[in-house]
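To find a chain, count down the sequence lines: A is the first, B the second, and so on, and within it residues start at 1.
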There are 2 protein chains.
Amino acid sequence: MNLLEKLHSEVASLSKSERKVADVILADPQGAIHKSIATLAQLAEVSEPTVNRFCRTLGTKGYPDFKLLLAQSLVKGTPFVNRHVEQDDSTEDFTGKIFESTMAALNVTRKHIDIDRLEQAIEALSNATKISFFGLGASASVAHDAQNKFLRFDTPVLFSDDVMMQRMAAINSGPTDVLVFISHTGRTKALCEIAAIARQTQATVLGITADPSPLADECSIVLSSQVPEDTDVYMPMASRIAQLVLIDVLITGYTLRRGPDFRDKLRLIKESLRDSRFDKHKG
Amino acid sequence: MNLLEKLHSEVASLSKSERKVADVILADPQGAIHKSIATLAQLAEVSEPTVNRFCRTLGTKGYPDFKLLLAQSLVKGTPFVNRHVEQDDSTEDFTGKIFESTMAALNVTRKHIDIDRLEQAIEALSNATKISFFGLGASASVAHDAQNKFLRFDTPVLFSDDVMMQRMAAINSGPTDVLVFISHTGRTKALCEIAAIARQTQATVLGITADPSPLADECSIVLSSQVPEDTDVYMPMASRIAQLVLIDVLITGYTLRRGPDFRDKLRLIKESLRDSRFDKHKG
DNA sequence: CAATAAATGTAATAAAATTACAAAAGATAA
DNA sequence: TTATCTTTTGTAATTTTATTACATTTATTG
């Protein structure tokens with residue numbers, strides 16, 4: 001965790017005066033790194049030693065060290081911030097913002113991934129005799145995508161964006177099946193019900209959703225895709241991308257676990273698709 | 001250019017003593033950022049003011065400023081590279097690689113976006129009386145996603161991943177329609193044929209695909225999604241994400257062009273969905 | 001409402017960086 | 001070469017900056 005994130009997360013546990021310092025820094029971190037301890041103390045309306053103590057509380061050696069670490073945490077490395085699109089943005093502006101926000105979401109997701117759960121999920125998928133992907137609305141296309149990928153393997157795959165179909169599939173699932181539920185909010189009633197049904201059949205219920213959430217409660221394994229997002233007017237964008245990448249990770253793990261033989265099969269599939277394509281070097 | 005690169009490139013044009021300072025810093029930049037001007041001067045066997053002058057020569061305000069910038073340049077800056085997954089990668093390893101590669105793809109795509117074409121595309125979509133999204137295989141889910149998003153507006157939207165359906169829709173299109181063709185390679189024969197048909201009806205044919213490619217040749221507007229990719233055993237991953245983000249950009253432009261009234265409508269849709277969800281603060 | 005602990009500030013001190021100026025070192029032209 | 005000028009470097013003083021020691025205030029607990 002870099003210093004800026006640490007500051008954000010620990011601001012609550014700071015004393016009154018130290019919080020004043022934190023506020024000033026958070027208001028303009030870029031400016032803060034060029035201020036002397038005296039200037040900063042004045043801005044925060046505290047004494048200089050308070051600023052110094054504040055630095056030590058954050059685990060740094062002193063004020064100069066703090067500035068150094070702060071400067072590093074401000075560098076383009078985690079520069080991807082969730083910036084809101086405004087009505088009067090130029091095309092260039094909002095394009096940049098959307099790309100940045102998406103990358104920010106991926107960054108956050110990667111950092112918060114629970115590798116243990118991920119391995120559990122891959123393990124479950126590898127042992128499954130049938131895999132189903134369920135999503136509704138915006139998450140339907142994510143489930144659709146997952147199906148596309150898993151179709152290339154020999155395990156039967158099902159995808160549905162229809163509540164009745166999903167319900168039937170859930171009822172007919174068994175202990176060796178994996179059902180993957182994809183939902184941005186984790187609050188879609190229909191999906192929660194279906195997950196509960198699947199759970200009763202002792203199938204593995206894998207959730208790619210917000211955690212905690214009602215849907216997460218119904219799952220045997222949850223991969224959290226929660227991303228700090230603009231739940232504003234614009235529809236879920238970034239979190240859906242994060243979900244897709246999580247699925248990429250799952251399928252990669254699945255492929256690797258199957259070993260080199262499987263990769264040969266994949267190659268065969270690729271080749272069989274070639275006939276339906278124009279030759280690369282023809283035009 | 002960051003400070004460390006600058007230092008490397010200007011070391012030749014420095015004076016004798018200043019070069020000594022440069023050498024000491026380059027030998028251990030990470031260590032240098034924690035040294036005082038006195039320590040550094042001693043190590044370089046020069047006087048303190050020489051170190052200070054050295055900093056100014058490099059275009060910084062002084063020694064503390066120099067250290068700050070040096071610290072920043074030492075941070076892993078936008079290092080997102082397309083790294084290949086290996087058979088013996090740990091879960092953590094390949095997860096990191098996939099996230100990084102995806103971010104790298106987004107970075108590349110953003111850099112190569114042609115804003116003019118993007119605006120043409122948004123313009124065309126805004127004036128369309130009907131919008132269709134076509135994709136096959138892995139690109140079908142991208143088209144599916146696009147439909148989901150555009151369904152929230154009042155312009156009729158069609159999505160299909162079926163060649164016959166697509167063909168019929170293309171034949172029945174007209175000059176006020178926009179047909180969006182999504183393809184990773186731009187070489188899928190069926191899709192090219194359908195695009196050609198659509199072209200003849202004078203509809204706007206928008207391609208989200210590789211450029212140049214046979215499909216791109218059939219399009220009136222092409223948004224390039226070509227990403228340097230692992231066409232290896234693993235299936236297209238990152239390019240698909242880039243396509244989705246391009247669609248996010250399109251819909252955002254579309255929404256903004258419709259103005260604030262439209263945003264109210266979106267809010268209404270969101271609220272109407274609320275009933276099908278669990279309350280956020282209940283469970 | 002004491003007694004104690006925690007937080008904060010004041011003032012002194014120490015450390016660090018910068019400046020002004022002087023001394024070398026090097027370049028240029030008679 | 002040497003006188004003159006420019007550039008480079010160092011010394012010492014000065015200023016700025018950060019830290020420490022200690023006093024004061026504020027909060028907490030029995």
Side-chain angles (χ1 to χ4, degrees), chain A residues 3-4 6-7 9-74, chain B residues 3-4 6-7 9-74:
Chain A
L3 191 60
L4 200 62
K6 184 168 186 167
L7 183 50
S9 72
E10 289 190 17
V11 77
S13 63
L14 292 173
S15 73
K16 199 166 50 177
S17 297
E18 289 184 352
R19 184 147 50 234
K20 282 197 216 164
V21 179
D23 288 344
V24 170
I25 291 168
L26 288 173
D28 177 18
Q30 194 63 56
I33 62 175
H34 294 296
K35 293 186 176 81
S36 74
I37 195 166
T39 318
L40 189 60
Q42 204 178 343
L43 281 169
E45 297 177 309
V46 299
S47 69
E48 301 183 22
T50 298
V51 176
N52 196 285
R53 281 188 283 258
F54 160 87
C55 297
R56 299 231 163 98
T57 307
L58 270 293
T60 66
K61 246 195 97 203
Y63 184 68
D65 188 44
F66 172 84
K67 284 211 294 190
L68 229 52
L69 290 172
L70 182 63
Q72 293 194 320
S73 70
L74 286 175
Chain B
L3 190 60
L4 200 60
K6 185 167 186 170
L7 182 51
S9 74
E10 289 189 16
V11 77
S13 64
L14 293 173
S15 74
K16 198 167 51 177
S17 297
E18 289 183 354
R19 184 147 51 236
K20 282 197 218 164
V21 179
D23 289 343
V24 171
I25 291 168
L26 289 173
D28 177 19
Q30 193 64 55
I33 63 175
H34 294 296
K35 292 185 175 80
S36 75
I37 195 166
T39 318
L40 189 60
Q42 206 178 341
L43 280 169
E45 298 177 309
V46 299
S47 69
E48 299 183 22
T50 298
V51 176
N52 195 283
R53 281 187 284 260
F54 160 87
C55 298
R56 299 228 163 103
T57 307
L58 270 293
T60 66
K61 246 195 98 203
Y63 184 68
D65 189 44
F66 172 85
K67 282 210 296 190
L68 229 52
L69 290 172
L70 181 64
Q72 294 194 321
S73 70
L74 287 175

[X] [atom1] - [N] [atom2] separation (whole Å):
X	N	atom1	atom2	answer
L68(B)	dT17(D)	CG	P	14 Å
E48(B)	dA13(D)	CD	P	14 Å
F66(B)	dT18(C)	CZ	P	12 Å
E18(A)	dT8(C)	CD	P	6 Å

field: Point-to-point distance, once rounded to the nearest 0.5 Å, from CD1 of I33(A) to CG of L40(A)
entry: 12.5 Å
Would you give me the side-chain donor-acceptor pairs under 3.5 Å for residues 19-32 of chain A, sequence neighbours excluded?
unit_1, atom_1, unit_2, atom_2, d
R19(A), NH1, V11(A), O, 3.3
R19(A), NH1, A12(A), O, 3.2
R19(A), NH1, L14(A), O, 3.2
D28(A), OD1, G31(A), N, 2.9

Can you give each donor-acceptor pair under 3.5 Å made by side-chain atoms of residues 58-70 of chain B, sequence neighbours left out, with the distance rounded to 0.1 Å?
unit_1, atom_1, unit_2, atom_2, d
T60(B), OG1, C55(B), O, 2.7
T60(B), OG1, G62(B), O, 3.4
Y63(B), OH, K35(B), O, 2.7
D65(B), OD2, K61(B), N, 2.8
K67(B), NZ, K35(B), O, 3.0

- request: Just report the end-to-end axis angle for the helix from dC1(C)-dG30(D) to dA30(C)-dT1(D), five pairs per end, to 10 degrees.
  value: 20°
Of residues 49-65 of chain B, the positions that come close to DNA chain D - non-hydrogen atoms, cut-off under 4.0 Å: P49(B), T50(B), R53(B)
message: If you take any heavy atom closer than 4.0 Å to DNA chain D, which residues from residues 27-43 of chain A end up in contact?
response: S36(A), I37(A)
query: Closer than 4.0 Å, any side-chain N/O of S17(A) to the OP1 or OP2 of dA7(C)?
result: no
- prompt: Does any pair with a residue in residues 45-54 of chain B pass side-chain hydrogen bond (donor to acceptor under 3.5 Å, both in side chains), and if so which ones, sequence neighbours excluded?
  reply: S47(B)-T50(B), N52(B)-R56(B)
